[in-house]
Amino acid sequence: MEQYCPPAHVLIFPFPAQGHVNSMLKLAELLGLAGIHVTFLNTDFIHERLVRYTDIETRFSCCPGFQFKTISDGLSADHPRSLIKFIEVYDSLNSKTKLLLREMLASNQLIGSNTRPSLTCIIVDGLIGGFTSDIANEFRIPIIYFRSISASCFWAYFSVPKIIEAGEIPIRGNEDMDRLITTVPSMESFLRYRDLPSFCQVNDLNHCNLHIFVTETQQSPRAHALILNTFEDLEGPVLSHIRTHCSKVYTIGPLHTHLKFRLEAKTSSSQSQSSNNLYEVDKSCMTWLDAQPLKSVIYVSFGSITTITKDEHMEFWFGLVNSKQRFLWVVRSDLVVGEHNRNEVPEELLKGTKERGYIVSWAPQEEVLAHHAIGGFLTHSGWNSTLESIVAGVPMICWPFIGDQQLNSRFVSEIWKLGLDMKDACDRFIVEKMVNDLMGRRRELFMKSTNEMAWLARKSVSEGGSSYYNLDRLVKDIRLMSMEAD
Ligand SMILES: O=c1ccn([C@@H]2O[C@H](COP(=O)(O)OP(=O)(O)O[C@H]3O[C@H](CO)[C@@H](O)[C@H](O)[C@H]3O)[C@@H](O)[C@H]2O)c(=O)[nH]1
């Protein structure tokens, strides 16, 4: 006789930012496809944007047990919620949202209807894992951490107490930027001070950003399991170190491809759509791309939170135009700090852009990277963008801005050999040279490694691959929890 298995119900709670919500929604959908009930908890602010720019009715129609719930982030309606206000967002979540979450759990508001089972576990973004774990413990609900960064960056944050103990941070001066950091196991031979996550590159070891990222990461072993958006062939050595501290680590990425493959298998369609946007997508760039020759366009995008100065904007713009390569550039309305006067933009830039460029304020990035006209990606090295480029087999020029991006760009260039690292430079001549190198002279150098890694990424999420297998294990683990709780 088959054993009765009570339905499982997972609460998923992301940190409220595009890169985090995007990947956790994909995880949610994968669990939904496996027949698990999912309640996705967004802040009101994020949910309002998601509903405005993503057709969520259609997106989640294949998961009948899926529901959204919202919670306040405790900030006023006119708060910018931008990167420079990160601490205010974080503090408000840790104080005000924490109380609301407790109330919602106490009054069963997160269940929704009486046909929905009670919560089996909470999957929380590890960046807000601390307070969520405290509450989950009060209600005796198991907690699983999800991190939207690479395993390598997770491991670097985890190792910070050792780095400090060895006196390797802070550094004495700029001359030390290239000094090797020797205390992060598996990275001893290539990790320089300048490659550490930017929050570790501080003079004050009590800096709140450093404190938050390190403390939250150090708490991970408290969780029942850790889910990472990566794959074994990409980060195997680091993952084996993480596994000595966290007993269950599920690597199930690249999530966007994993979801695409599972949706295609379920619906027998190859048109599966998996992007979740908090910005209005301008699809006109796809028509422009259709008219460009094979691998002739460099795609330029700095993700959802990077900002650049007017001077940096000019350096990139001149570099791109002077390279004489075709380019597609995402310039978000809030990318450049300070407005340019139309007559401040030199005529040669406007002319060069009209001839060979196309600018949008938000692109369908996954589709863009998969387009045959794309030959390179000038990126800020956010983890989602890095994975999307890896799967598409597109070599990168990395211009990391903040946080994990500094470390990602080192791995892309030095370890995985998937592109060039332009960190700490923003100069029109360097941009021009790097773009021409990537699109021309050095393309062949990268093609073998980008093709190989793209193949490994796809293999990992195909039936029999490591991420495919790990997702099935995660689903079984969750079902087992629901049986134990029954
Ligand atoms: O025009 C655009 C630009 C971006 N994207 C998507 O937006 C996401 C951007 O994510 P990511 O590349 O990770 O960058 P950020 O938005 O900057 O993400 C934040 O969150 C990430 C995950 O924690 C970190 O790796 C980054 O450093 C951090 O800045 C990706 O899925 C892109 O496909 C679009 O769809 N269209």
Side-chain angles (χ1 to χ4, degrees), residues 14-27 46 49-50 53-54 81-84 86 89 125-128 145-154 156-157 197-199 209 213 216-217 227-230 253-257 259-260 273-286 289 299-308 328-335 358-371 374 377-392 394 396 398-409 411-412 423:
F15 182 83
Q18 166 86 40
H20 298 245
V21 173
N22 187 16
S23 47
M24 289 191 86
L25 267 172
K26 286 170 180 163
L27 165 68
I46 290 288
R49 293 189 70 109
L50 182 69
Y53 300 122
T54 303
R81 295 163 171 86
S82 61
L83 185 62
I84 41 168
F86 166 76
V89 177
D125 192 320
L127 192 48
I128 46 173
Y145 276 20
F146 172 86
R147 290 307 297 260
S148 55
I149 50 178
S150 66
S152 306
C153 186
F154 175 93
Y157 281 134
S198 65
F199 303 129
N209 281 344
F213 278 85
E216 293 287 5
T217 306
I227 304 172
L228 291 170
N229 184 11
T230 188
L255 277 169
H256 69 291
T257 315
L259 177 57
K260 190 168 183 292
Q273 173 56 271
S274 74
S275 45
N276 310 298
N277 289 294
L278 303 181
Y279 293 84
E280 186 167 9
V281 181
D282 184 345
K283 282 206 150 208
S284 66
C285 56
M286 299 310 291
L289 278 179
Y299 172 58
V300 187
S301 165
F302 301 127
S304 62
I305 54 177
T306 303
T307 53
I308 56 177
L328 167 60
W329 190 1
V330 177
V331 182
R332 288 185 344 260
S333 56
D334 54 354
L335 174 72
Y358 200 83
I359 296 178
V360 290
S361 58
W362 193 255
Q365 183 164 303
E366 289 173 34
E367 271 177 73
V368 165
L369 285 169
H371 196 284
I374 296 294
F377 184 11
L378 169 49
T379 170
H380 71 311
S381 299
W383 187 234
N384 295 294
S385 294
T386 304
L387 285 174
E388 288 160 14
S389 203
I390 287 176
V391 170
V394 173
M396 290 166 257
C398 303
W399 187 70
F401 175 66
I402 204 166
D404 58 327
Q405 299 156 16
Q406 266 72 13
L407 190 101
N408 297 342
S409 66
F411 272 82
V412 165
K423 79 161 46 91

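Quantities reported herein were computed from a predicted structural model and do not represent experimental measurements. We count ligands from 1, going down the list as the structure has it; atoms in each ligand are counted the same way. Residue indices begin at 1 and follow the sequence shown. All heavy atoms count here, side chains included; hydrogens, waters and symmetry mates do not.
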Side chain proximity check, Asn276 to Tyr53, heavy atoms < 4.5 angstrom: no
Residue pair Ser152 / Leu407, side-chain heavy-atom distance below 4.5 Å: yes
ring-ring contact (aromatic ring centres under 6.0 Å, His included) partners for [X], two or more places apart:
X      : value
Phe377 : Tyr299
Phe401 : none
Phe302 : Phe316, Trp399

Amino acids contacting ligand 1, non-hydrogen cut-off under 4.0 Å: Gln18, Gly19, His20, Asn22, Ser148, Ile149, Asn277, Tyr299, Ser301, Ser304, Ile305, Val330, Trp362, Ala363, Gln365, His380, Gly382, Trp383, Asn384, Ser385, Glu388, Asp404, Gln405
Test log, rule ring pair (Phe, Tyr, Trp, His ring centres under 6.0 Å), inputs Phe86 and Phe213: CA-CA 12 Å; Phe86 166 76; Phe213 278 85; 5.7 Å; yes
